[in-house]
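Data block below; observations after.
Sequence lines set the chain letters: A, B, ... in the order given, protein chains first and strands last, and positions in each chain run from 1.
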Amino acid sequence: MKELVNFIKKEFKHILRDTRTLVILFGIPIIQILLFGYVITTDIKDAGIAILDLSKDQTTQDITSKLISSGYFVIHKNLNSYDEIEAVFKQGEVKEVIVFEENFGKKLIATNSANVQLIADATDANTANIIVMYTSGVILDYVNSLNKTIDAPFKVDINERMLYNEELKSSFMFVPGIMAMILMLISAMMTSISIAREKELGTMEILLVSPLKPIQIIIGKVAPYLLLSLINAISILLIGYFIFGVPINGSLVLLMSETMLFILLALSLGILISTVAKTQQFAMMASMFALMLPTMLLSGFVYPVENMPVWLQVICHLMPPKYFITIVKGIMLKGTGLFFIWKETLILVVFTLFFIGMSVKKFKIRLE
Amino acid sequence: MKIITVKNLVKKFGDFIANDNLNFEVEKGEVFGFLGANGAGKTTAIRILTGLSKPTSGEIKVAGFDIYKQTEQIKRNIGYMSQKFSLYEDLTVFENIRFYASVYGLSKNEIKQKSENLLVKLEMTTYRNSLIKSLPLGWRQKLAFSIAIFHNPKIVFLDEPTGGVDPITRRMFWELIYDAANQGITVFVTTHYMDEAEYCNRVSIMDKGKIAALDTPENLKSLFNVKNMDEVFVKIAR
């Protein structure tokens with residue numbers, strides 16, 4: 001036990017004396033979460049639009065002012081003819097042009113129907129989609145409000161409610177995702193690098209010849225990163241909570257326990273990588289490609305798994321971060337208890353035991 | 001008294017036979033040289049004796065313990081130094097000593113006392129708190145050796161301990177080896193410097209996985225009727 005404590009002390013010295021490691025440990029997580037928070041956002045806010053109002057009556061003006069007051073749009077220009085539409089898109093300041101046909105208001109009252117055309121800049125397809133959706137929403141809303149005063153033969157009132165993320169904030173999505181990614185990266189990459197370093201230096205041989213048991217060496221190497229990863233997880237949650245307003249509706253104890261479980265999983269993956277990696281370089285590349293990219297692309301963090309082809313979905317189900325993200329979203333946004341996420345938790349436990357088993361086996365083979 | 005006995009040691013990697021039926025014994029307190037060209041099977045043998053690798057077959061005892069069943073006892077009774085000198089560059093001289101000593105279960109007081117004596121002996125007291133990376137190679141090598149025998153092992157295994165070091169430092173390093181031998185520590189050393197073979201009590205020369213010769217340097221020289229170990233080696237390797 002005393003040997004182990006000394007080993008862990010030594011490990012902390014390595015970490016604290018290496019500025020590069022410290023930057024990776026604490027700088028990158030914070031930079032990443034701020035980047036994701038401020039840059040990669042799918043929320044629409046103050047999108048530039050132009051309006052070609054061929055009618056210029058009370059109705060079109062009401063709709064226009066409703067659009068502005070929604071907060072999603074800013075009117076950059078009022079157009080006078082169809083010929084200007086192309087030019088205004090090419091200038092790039094405008095994402096959408098709204099065209100009201102002639103006599104819009106009169107037609108609406110006389111025939112119960114009028115046409116509005118939405119033209120969006122689809123060079124950015126996602127944004128175009130969302131903008132068109134939002135615009136239709138605002139217009140339909142207005143029409144519905146008219147229906148309350150006019151007696152329409154049929155009408156369906158749609159009441160929408162976006163449960164657990166009422167304002168559709170993308171930060172609600174990325175905070176759990178980024179937590180999975182950073183914990184995976186820090187825990188797995190840093191441990192595999194630090195074990196590979198001992199091999200490169202030749203100190204691993206000395207340790208293996210010494211009375212230390214392989215399990216002590218592994219625990220000694222991993223323990224500091226367990227603590228540091230936990231600090232990382234807490235700082236991500238704090239930034240998420242205080243800067244981006246992501247709630248923690250469920251039990252904090254449960255959230256931290258699940259986080260610990262995921263850190264253990266990532267650490268055991270790191271050990272597994274280090275059993276095959278002979279150099280720090282290899283350990284780093286392996287962690288990057290084997291862990292970071294799949295975590296980003298195949299875990300449902302950025303792209304929804306449901307939209308992928310079936311064979312890719314099968315692969316996605318083998319990605320541990322997917323389950324962790326589901327768990328974290330459940331606890332943070334829905335306030336779910338263990339009762340509803342025991343399946344995902346069990347899967348993570350099985351993954352962890354599997355990786356630890358594999359590492360122990362490989363560690364022994366490596367001694368041959 | 002025999003401190004290492006090796007009977008019919010065989011180590012195969014697939015079809016390749018790295019150690020082909022080795023038989024030898026090492027006496028307590030002697031400096032035993034383990035020579036051979038690169039790829040002759042020296043490293044494989046030393047890895048088996050230190051427990052880093054398992055033999056395919058053979059009966060082997062190190063420090064009186066069986067290498068299959070008593071690995072824990074063996075580990076407590078041996079020291080090991082590789083050609084990389086294996087110190088932590090970002091730790092200080094004293095931190096390295098303290099870490100390795102604690103791995104072998106030495107107490108705090110023991111470590112403190114012994115390390116002060118060691119630093120005086122190596123004339124490194126002023127460098128107690130210097131990082132290893134700031135020290136010249138020769139000093140690192142001496143320190144690595146001193147750390148390998150810090151826990152008073154019965155045997156110390158040195159795998160090419162003088163690689164890449166200048167002749168004067170090598171000479172001084174051999175003084176440390178003799179010093180250890182005088183304290184009763186058996187020294188098992190591999191090298192490819194033939195002049196160093198002359199310093200050993202007995203040498204074994206490996207060739208293609210087998211022990212081609214094993215005797216004192218004097219006997220070997222007269223057996224092959226040559227003046228130095230270099231020529232002995234050339235005659236065997238041919």
Tell me, yes or no, whether the heavy-atom count around [X] atom [atom1], taken from other residues, nucleotides or ligands under 6.0 Å, exceeds 12.
| X | atom1 | result |
| --- | --- | --- |
| B:Glu116 | CD | yes |
| A:Lys2 | NZ | yes |
| B:Lys114 | NZ | yes |
| A:Tyr241 | OH | no |

(request) Determine which residues belonging to residues 128-156 of chain B lie within contact range of chain A, meaning some heavy atom pair is under 4.5 Å apart, and list them by number or answer 'none'. (result)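 Expected list: B:Leu131.
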(request) Can you check whether anything in residues 100-109 of chain B gets within less than 4.5 Å of chain A, heavy-atom wise, and list it by number? (result)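 Residues B:Tyr100, B:Ser102, B:Val103, B:Tyr104, B:Gly105, B:Leu106, B:Ser107 are the ones that qualify, each having a heavy atom under 4.5 Å from chain A.
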(message) Looking at chain A, which one of B:Ile74, B:Leu91, B:Thr71 has the largest number of heavy-atom pairs inside 4.5 Å, strictly under?
(response) B:Leu91
Part of [X] within contact of chain A (heavy atom distance under 4.5 Å):
| X | answer |
| --- | --- |
| B:Phe99 | side chain |
| B:Gln73 | neither |
| B:Ile78 | side chain |

(request) Would you mind reporting whether B:Arg47 and A:Glu205 have side-chain heavy atoms less than 4.5 Å apart? (result)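 A side-chain contact exists here, since the closest heavy-atom pair is under 4.5 Å.
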Which pair of non-hydrogen atoms, one from [X] and one from [Y], has the smallest distance, and what is that distance?
| X | Y | value |
| --- | --- | --- |
| B:Met81 | A:Ile206 | CA-CD1, 4.3 Å |
| A:Gly202 | B:Ser86 | O-OG, 3.4 Å |
| B:Glu72 | A:Pro211 | OE1-O, 3.9 Å |
| B:Asp90 | A:Arg197 | OD2-NH2, 3.7 Å |

(request) Anything in residues 9-34 of chain A with a heavy-atom distance to chain B below 4.5 Å? Please list those residues in order. (result)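 Expected list: A:Lys10, A:Lys13, A:His14, A:Arg17.
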(request) Just jot down the ring pair (Phe, Tyr, Trp, His ring centres under 6.0 Å) partners of B:Phe157, sequence neighbours excluded, or say none. (result) B:Phe188
(message) What part of A:Leu207 gets within 4.5 angstrom of chain B, counting heavy atoms only: side chain, backbone, both, or neither?
(response) side chain
(message) Less than 4.5 Å to any heavy atom of chain B: does that hold for the side chain of A:Glu198, its backbone, both, or neither?
(response)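 The side chain, not the backbone.
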